[in-house]
Amino acid sequence: MNYNTEILTADSSSIRKAAELIKKGKVVGMPTETVYGLAANALDESAVSGIFAAKGRPQDNPLIVHISCIGMLDGLVTAVPETAVKCAEKFWPGPLTMILPKTDKIPMATSGGLDTVGIRMPSNKTARALIDACGLPLAAPSANLSGSPSPTSARHVYDDMNGRIPCILDDGRCAVGIESTVISFEGDSIRLLRPGFISVSDLKEVTENVIVDKGVLDIVSQDAVVASPGMKYKHYSPKADVIIIDGSLDSFRKYVSDNKVEGTWCMTFSESDLSGIDCPAVVYGSTDEEQARRIFNALRELDKHGAKKVFARCPGKTGIGLAVYNRLLRAAGFQVIRL
Ligand code: AMP
Ligand code: MG
């Protein structure tokens, strides 16, 4: 790993170039509608080990495998439950990952030692063109160093991966901004393992039986056996100590003015949230969708400003807000002050 990492505007020639690298077993930065990914041949154990090395990711944290058409599922999974077929019809291509029983074609390195694999069909055109150009399913976790906020621009990928990968395909800012919704299947039920842009109410259009896994909002201990290994790892953490302030705008303002010290920043919905209070802030938006798009950029901005302590306004906890809250909880190490 000692590359002169190139940022390439995503076009047909750079996609071809990236595909050649992937076919040779290399890892490249790939845009998707959720966040940028680090893509490699999902079927090649040594290529996949390159992803873990570039990210510094724990080996038991499985990778999501990206496909560009339903036909690619053949040979990768041993069964597709009826509910999964309905979800694929409704939400693919798009930000939904389904956990399915894997075949031996998927190496254990890709699935983190599990006998299941997470599969997603992205909607981003560059991601789909890259998968097609490779003619391979691509394993791709978020393209950040393990533990830091997920990247939503090619520049974010470069900041974490410069020297570690040969190139990044630049397709601008990610449309969704947070990682995919992850689900598994139990009989007729869907279990939500990681919330995302496809919300609980979206899933309920497929079946009323949607179970939200405990790990979505609760702390999971390091040695716990969990349905989704990513739940137990420290995530999305900026260098600053982030604290979520869950309360009205007035109580947020009062808390900030009473508790701010040198190096305190705020993460707010809008500029006006802090009117009358002398504290610098990074704004992350006033709708669930906007907050999803901007949360990881906001966390990276706070680091750039050298923020030591961050008081963050609490997102809504329903719909896409649940996904934003899930990410912010992890960024905050589950520190929430309820006012
Ligand atoms: P990332 O690649 O950073 O988006 O993380 C992918 C996450 O999806 C992992 O951390 C897991 O929590 C989840 N995941 C992927 N594959 C599986 C699987 N086979 N079983 C359960 N969860 C999975
Ligand atoms: Mg990740």
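Just so you know, ligand 1 is whichever comes first in the structure, and atom 1 is the first atom listed for that ligand. Position 1 is the first residue of the sequence, and the numbers go up from there. Computed from a predicted structure; not experimentally measured.
- Of the options Lys125, Arg120, Arg173, a salt bridge (Lys or Arg N to Asp or Glu O under 4.0 Å) to Glu33 is made by Arg120 and by none of the others.
- The aromatic rings of Tyr255 and Phe311 sit perpendicular, their planes meeting at an angle over 60°, well past the 30° parallel limit.
- For Arg57, a nitrogen or oxygen atom sits less than 3.5 Å from a nitrogen or oxygen atom of ligand 1, counting backbone and side chain alike.
- With a heavy-atom cut-off of 4.0 Å, Val35 does not touch ligand 1 at all.
- Listed by atom number, the atoms of ligand 1 under 4.0 Å from Arg194 heavy atoms are 1 (P), 4 (O), 5 (O), 6 (C), 7 (C).
- With respect to Asp250 and Lys254, no salt bridge is recorded, no charged nitrogen being found less than 4.0 Å from a carboxylate O.
- Judged purely by atom type and a 3.5 angstrom limit, Arg164 has no side-chain atom pairing as donor or acceptor with the backbone of Lys55.
- When each atom of ligand 1 is checked for a heavy atom of Ile99 under 4.0 Å away, the hits are 16 (N), 17 (C), 18 (C), 19 (N), 20 (N), 21 (C), 22 (N), 23 (C).
- Atoms of ligand 1 found under 4.0 Å from any heavy atom of Leu114 (numbered from 1 in listed order, with element): 18 (C), 19 (N), 20 (N).
- Numbered from 1 in the order shown, with element, the atoms of ligand 1 that lie under 4.0 Å from a heavy atom of Thr116 read 18 (C), 19 (N), 20 (N).
- The minimum heavy-atom distance linking Ser150 with Phe296 is given by the pair O-CB, 3.2 Å.
- With salt bridges taken as basic N to acidic carboxylate O contacts below 4.0 Å, one links Glu20 and Lys23.
- Within the structure, ligand 1 has Ser142 among the residues with a heavy atom less than 4.0 angstrom away.
- One of the N, O or S atoms belonging to Ser142 lies under 2.8 Å away from the Mg ion (ligand 2).
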